[in-house]
Amino acid sequence: MKAVIIDQINGPIEYKETPTPEPKEGQGIYKVLNSALNHRDLYISQGLYAKIQLPVIPGSDACVLDKITGEKYIINPNNNWGNDERAQSPDYHILGMPTQGTLADYICIDKSKIFPKPAHLSDAEAAALPLAGLTAYRALC
């Protein structure tokens with residue numbers, strides 16, 4: 001498959017061949033239809049983000065297709081928030097670093113992290129919703 005790869009700080013961000021991921025227990029593999037680029041991805045490429053682990057496929061947001069069912073989904077990019085709704089746990093992370101992200105042809109993700117794409121949104125609009133939308137929601141609430 002093809003993916004965007006960051007493998008060095010302040011180096012070229014390349015679009016190249018990489019192995020297609022294999023789903024683990026509880027995961028599905030999904031075709032990425034659209035993915036959104038966030039400031040976070042740029043910060044990672046510039047070395048301006050905490051706990052950078054390279055190489056990485058960046059990207060936290062996507063509209064994906066389950067090729068078996070034909071259903072479209074959006075992804076919740078948050079992982080390991082923890083039990084306290086007010087603050088994230090020490091092992092919290094966002095999809096796209098250290099885990100491989102959405103700027104690729106395919107992504108493996110826990111089935112609990114996918115939600116039906118809102119019918120009134122285009123694939124591109126839905127792709128930009130999860131990280132930016134959830135960040136804005138948490139800031140307000």
Side-chain angles (χ1 to χ4, degrees), residues 1-16 18-141:
M1 76 168 186
K2 290 258 189 178
V4 171
I5 308 238
I6 300 172
D7 59 10
Q8 59 181 315
I9 301 301
N10 292 318
I13 298 173
E14 299 181 284
Y15 181 64
K16 61 184 179 181
T18 191
T20 300
E22 294 287 330
K24 297 176 184 160
E25 183 71 30
Q27 292 185 329
I29 185 166
Y30 302 93
K31 170 76 176 140
V32 176
L33 299 175
N34 288 90
S35 183
L37 188 65
N38 292 287
H39 277 101
R40 175 179 184 267
D41 304 313
L42 179 61
Y43 295 155
I44 291 168
S45 75
Q46 296 172 338
L48 302 174
Y49 201 81
K51 301 178 185 176
I52 295 173
Q53 297 177 24
L54 300 177
V56 69
I57 297 172
S60 305
D61 295 322
C63 177
V64 298
L65 174 70
D66 183 328
K67 292 183 83 174
I68 296 170
T69 66
E71 297 292 321
K72 293 180 182 180
Y73 298 98
I74 59 173
I75 296 170
N76 175 350
N78 296 288
N79 293 291
N80 304 322
W81 181 266
N83 296 326
D84 187 348
E85 291 183 15
R86 297 169 296 157
Q88 60 203 32
S89 71
D91 61 344
Y92 171 78
H93 67 277
I94 299 170
L95 186 65
M97 212 248 342
T99 56
Q100 300 304 311
T102 61
L103 295 176
D105 290 333
Y106 291 91
I107 186 165
C108 291
I109 188 117
D110 290 346
K111 293 178 182 180
S112 67
K113 296 291 182 179
I114 61 167
F115 298 89
K117 180 189 88 70
H120 67 283
L121 297 177
S122 70
D123 293 353
E125 290 167 336
L129 182 63
L131 185 61
L134 292 174
T135 300
Y137 175 81
R138 289 202 59 82
L140 291 171
C141 299

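Keep in mind that this is a model prediction, so the values were computed, not measured. Hydrogens, waters and symmetry mates are skipped; everything else that's a heavy atom, side chains included, is used.
Interatomic distance, Gln100 CD to Leu95 CG, rounded to the nearest 0.5 Å: 9.0 Å. We find the NZ-CG distance between Lys72 and Asp66 to be 12.5 Å, quoted to the nearest 0.5 Å. Rounding to the nearest 0.5 angstrom, the gap separating the CD atom in Gln46 from the CG atom in Asn10 is 6.5 Å. Of the inter-residue distances, the one linking Asp41 atom CG with Ser35 atom OG reads 7.5 Å to the nearest 0.5 angstrom. Here CG of Leu131 is found 12.0 Å from NE2 of His39. Values are rounded to the nearest 0.5 Å. To the nearest 0.5 Å, atoms CD1 (Ile75) and OH (Tyr30) are separated by 8.5 Å.
Between the side chain of Asn34 and the main chain of Cys63, no donor-acceptor pair closer than 3.5 Å is present. With hydrogens and angles ignored, the 3.5 Å screen pairs a side-chain donor or acceptor of Lys113 with a backbone N or O of Asn78. Side chain of Arg40 to main chain of Ile94: a donor-acceptor pair is present (N/O by atom type, distance under 3.5 Å, no hydrogens or angles). Remark: side-chain polar atoms of Thr102 are paired, donor with acceptor, to backbone N or O of Asp61 under 3.5 angstrom. A side-chain donor-acceptor contact under 3.5 Å links Ser89 to the backbone of Asn80.
Residues forming a salt bridge (charged side-chain N to carboxylate O under 4.0 Å, His left out) with Asp110 (at least two apart in sequence, or on another chain): none.
At a threshold of 4.5 Å between non-hydrogen side-chain atoms, the residues Ile57 and Ile107 do not count as touching.
Ala36 approaches Ala128 most closely through the heavy-atom pair CB-CA, 3.7 Å. Nearest heavy atoms, Ser45 versus Ile13: CB-CD1, 3.6 Å. The two residues Lys117 and Ser122 come nearest to each other via the heavy atoms NZ-C, 4.2 Å. Closest approach of Asn76 and Phe115 over heavy atoms only: CB-CE1, 3.8 Å. Taking every heavy atom of both residues into account, Gly28 and Pro23 meet most closely at C-CB, 4.3 Å. Heavy-atom minimum distance, Pro98 versus Gln53: CB-OE1, 3.3 Å.
Within a 6.0 Å sphere centred on NZ of Lys2, heavy atoms belonging to other residues, nucleotides or ligands number more than 12.
The cationic atom of Lys31 (NZ for Lys, CZ for Arg) lies less than 6.0 Å from the six-membered ring centre of Tyr106 and within 45° of the ring axis.
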(request) Go through the steps to decide whether Val32 and Met1 satisfy the test side chain to side chain contact (heavy atoms under 4.5 Å, CB included), and finish with yes or no. (result) CA-CA 11 Å; Val32 176; Met1 76 168 186; over 6 Å; no

(request) Would you please test Val64 and Ile109 for side chain to side chain contact (heavy atoms under 4.5 Å, CB included) and show each step? (result) CA-CA 10 Å; Val64 298; Ile109 188 117; over 6 Å; no

